[in-house]
Amino acid sequence: MPGPLRRVPVWVVLVVAVVLVACGGRPAAGPVAAAPTPTASPGPAPAVQPAAAATRVPAPAAPPAPTSVLPAPAVEEAPAPQDGLAAELDAYVRSLAAAGDFSGAVLVAGRDGVVLSQGYGLADREEGRPNTPTTRFRLGSLTKQLTAMAVLVLQQQGRLDVGDPICSYLPDCPAAWQPITIHHLLTHTSGIPDLTRFPDFQATKQTPSPPGATIARFAGRPLAFQPGTQWDYSNSNYIVLGAIVERAAGQPYAEFMRQAIFEPLGMRDSGYETGQSGLAVGYANRSGPRAEAIDMSIPYAAGALYSTVEDLYRWDRALAASRLVPAALQDQMFTAHAAIPGPGGAGYGYGWEIGQEAGHPYQAHAGGIEGFSSFIVRYPDDQVTVIVLGNQQDVNPRAIALSIAEAILQGRPLPASTP
């Protein structure tokens with residue numbers, strides 16, 4: 001295994017200007033995972049009262065024409081990893097792949113563009129097909145930031161507002177949900193329990209379920225807390241958001257995402273997974289086997305999208321330029337509206353964890369779903385982004401991304417041992 005990356009000299013930082021939540025020795029609150037371990041048990045939940053009639057929002061007869069298509073930014077050619085910073089980063093990730101501790105793709109970008117964009121390991125072990133920067137991976141909970149943007153796009157179009165009660169958009173809305181707003185869903189402060197923690201989740205995850213049927217599984221359960229009083233990560237929040245997006249847009253979630261986000265940004269290798277999307281094969285661990293199946297109608301707007309590291313860099317560049325919605329509106333996404341319990345002082349925005357590490361503000365999120373693991377971290381002040389997408393479920397993309405970020409931002413050597 002290669003030795004640790006040497007400390008990045010000051011001249012490299014200045015010349016290359018490469019400047020890339022998480023938990024444990026980094027942001028102490030920890031990355032937001034697809035289905036995190038529940039926090040301390042909440043207090044007594046309010047009783048669910050009989051369902052109140054919903055105020056239905058009429059869907060438009062036909063969806064409006066999408067906003068003008070913006071030219072897709074080119075993904076700059078990464079320097080060949082022969083010497084310098086790119087070579088050191090590449091050697092580090094290759095050492096992880098050789099040890100069986102990573103399989104996927106990594107993109108590192110700084111002020112001057114892409115520093116490293118490489119695939120590692122195999123996208124299909126049976127066929128010997130390698131991973132590349134254009135290999136498609138399930139995003140898991142990285143889906144949430146894209147769903148959150150869909151909500152903001154609809155707000156910009158005047159078709160909803162994050163302050164709206166969710167029962168204005170949902171038929172048969174439970175009475176206990178009447179105080180819940182779209183903002184509560186976006187920030188995980190609604191109190192709606194997480195479907196993925198239910199005892200029957202593993203036994204039912206392979207059965208197709210339309211959004212309405214999935215929502216019905218938790219609509220009758222007591223809230224974990226009064227809306228707006230606590231923070232608790234719940235995939236159910238973003239499943240409900242998907243239904244609201246469909247209601248306000250008047251078209252299926254997958255189609256709206258394509259028209260409103262992927263096509264305008266030139267994200268041609270991104271979309272809603274249907275099982276026919278040409279993705280990498282997802283594996284449970286370094287030695288095989290293929291991961292258990294999950295029907296992607298279950299995670300839906302909370303975790304069913306796929307993408308590539310290069311497409312997510314296009315997404316990152318669009319965020320940096322506020323290309324989809326005005327900056328004032330997009331700022332709501334990157335505002336820490338709710339504190340995440342635990343040390344570190346991180347908060348949650350709209351689909352992003354927001355915090356600061358060693359004087360460097362960051363925006364990050366983790367994703368984990370059967371066969372895949374992912375992490376993205378952005379340091380907007382330093383103009384550094386690290387994207388890690390993997391098709392091996394037992395790896396730690398957070399540790400890989402943050403080790404790279406620390407080596408760049410703080411001049412720390414990359415670890416000699418694997419994460």
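When a residue number appears, it is its place in the shown sequence, counting from 1.
By the 4.5 Å heavy-atom criterion applied to side chains, Ile400 and Phe375 are not counted as neighbours. For the pair Leu142 and Leu312, the minimum side-chain heavy-atom distance is below 4.5 Å. For the pair Tyr350 and His183, the minimum side-chain heavy-atom distance is below 4.5 Å. For the pair Leu223/Trp177, a side-chain contact is recorded, criterion being any heavy-atom separation below 4.5 Å from C-beta on. Within the 4.5 Å cutoff, the side chain of Gln332 has no heavy atoms near those of the Val325 side chain. For the pair Val281 and Arg125, the minimum side-chain heavy-atom distance is 4.5 Å or more. Using a 4.5 Å heavy-atom cutoff, the side chains of Asn235 and Leu195 are not in contact. Side-chain contact check for Leu279 versus Arg138: some heavy-atom pair is nearer than 4.5 Å.
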Check the pair Ser297, Asp295 against side chain to side chain donor-acceptor pair (under 3.5 Å), reporting the backbone distance first and the verdict last. CA-CA 5 Å; Ser297 65; Asp295 191 275; 2.4 Å; yes
side-chain contact (heavy atoms from CB on, under 4.5 Å) between Ile244 and Leu185, intermediate numbers included: CA-CA 11 Å; Ile244 291 174; Leu185 298 178; 3.8 Å; yes
For Glu370 and Gln206, run side-chain contact (heavy atoms from CB on, under 4.5 Å): C-alpha distance rounded to whole Å, both residues' side-chain angles, the deciding distance at 0.1 Å, then the answer. CA-CA 11 Å; Glu370 282 73 358; Gln206 297 180 17; over 6 Å; no
Go through Asn237 and Ser190 one step at a time and tell me if the side chain to side chain donor-acceptor pair (under 3.5 Å) criterion holds. CA-CA 7 Å; Asn237 289 317; Ser190 72; 2.5 Å; yes
List the steps, then state whether side-chain contact (heavy atoms from CB on, under 4.5 Å) holds for Val106 with Ile404. CA-CA 10 Å; Val106 175; Ile404 290 171; 4.2 Å; yes
Pair Asp311, Phe262 - check side-chain contact (heavy atoms from CB on, under 4.5 Å), show working. CA-CA 9 Å; Asp311 266 7; Phe262 299 139; over 6 Å; no
Candidate pair Ser141 and Tyr233, rule side chain to side chain donor-acceptor pair (under 3.5 Å), full reasoning: CA-CA 11 Å; Ser141 285; Tyr233 191 87; 2.9 Å; yes
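In terms of heavy atoms, Leu324 sits closest to Ala260 at CD2-O, 3.6 Å. The two residues Gly349 and His337 come nearest to each other via the heavy atoms CA-CD2, 4.0 Å. Pairing each heavy atom of Ala97 with each of Tyr120, the nearest pair is CB-CB, 4.0 Å. The two residues Lys144 and Tyr238 come nearest to each other via the heavy atoms O-CE2, 3.4 Å. The two residues Gly242 and Ala301 have their closest heavy-atom pair at CA-CB, 3.5 Å. Contact between Ser373 and Val395 at its shortest, heavy atoms only, is OG-CG2, 3.1 Å.
Between the OH atom in Tyr306 and the CD1 atom in Ile369 there is a gap of 14.0 Å [rounded to 0.5 Å]. Taking OH of Tyr379 as the reference point, atom CD of Gln363 lies at 11.0 Å (rounded to 0.5 Å). Here the straight-line distance linking atom CD of Glu255 with atom OH of Tyr272 works out to 13.5 Å at 0.5 Å rounding. Interatomic distance, CG of Leu122 versus CG of Asn131, reported as 7.0 Å (0.5 Å rounding). Here the CE-CD distance, from Met296 to Glu273, works out to 4.5 Å after rounding to the nearest 0.5 Å. In this structure, CG on Asp161 lies 10.0 Å from CG on Leu152, to the nearest 0.5 angstrom.
Salt bridge status for Arg286 with Asp101: present, with a side-chain N to carboxylate O gap under 4.0 Å.
A side-chain donor-acceptor contact under 3.5 Å links Gln330 to the backbone of Leu319. Within the 3.5 Å criterion, the main-chain N or O of Val162 finds a donor-acceptor partner in the side chain of Gln155. At distances below 3.5 Å, not a single donor-acceptor pair connects side-chain atoms of His360 with backbone N or O atoms of Glu357. His184 places no side-chain N or O within 3.5 Å of a backbone atom of Thr189 that could act as its donor or acceptor partner. No side-chain donor-acceptor contact under 3.5 Å links Ser103 to the backbone of Asn391. In this structure, the side chain of Glu246 engages the main chain of Tyr253 through a donor-acceptor pair within 3.5 Å. The backbone N or O of Gly271 sits nowhere less than 3.5 Å from a side-chain atom of Arg258 that would complete a donor-acceptor pair. Side chain of Tyr169 to main chain of Ile182: no donor-acceptor pair is present (N/O by atom type, distance under 3.5 Å, no hydrogens or angles). Thr143 places no side-chain N or O within donor-acceptor distance of the main-chain N or O of Leu139, the cut-off being under 3.5 Å. Using modelled atom types, no side-chain atom of Tyr300 and backbone atom of Ser209 make a donor-acceptor pair closer than 3.5 Å.
With Phe198 as the aromatic partner, Arg217 does not meet the cation-pi criteria of under 6.0 angstrom to the ring centre and within 45 degrees of the ring axis.
Aromatic ring orientation, Tyr348 versus Trp231: tilted (interplanar angle from 30° to 60°).
Under 3.5 Å, the side chains of Thr196 and Asp194 contain a donor-acceptor pair of N or O atoms.
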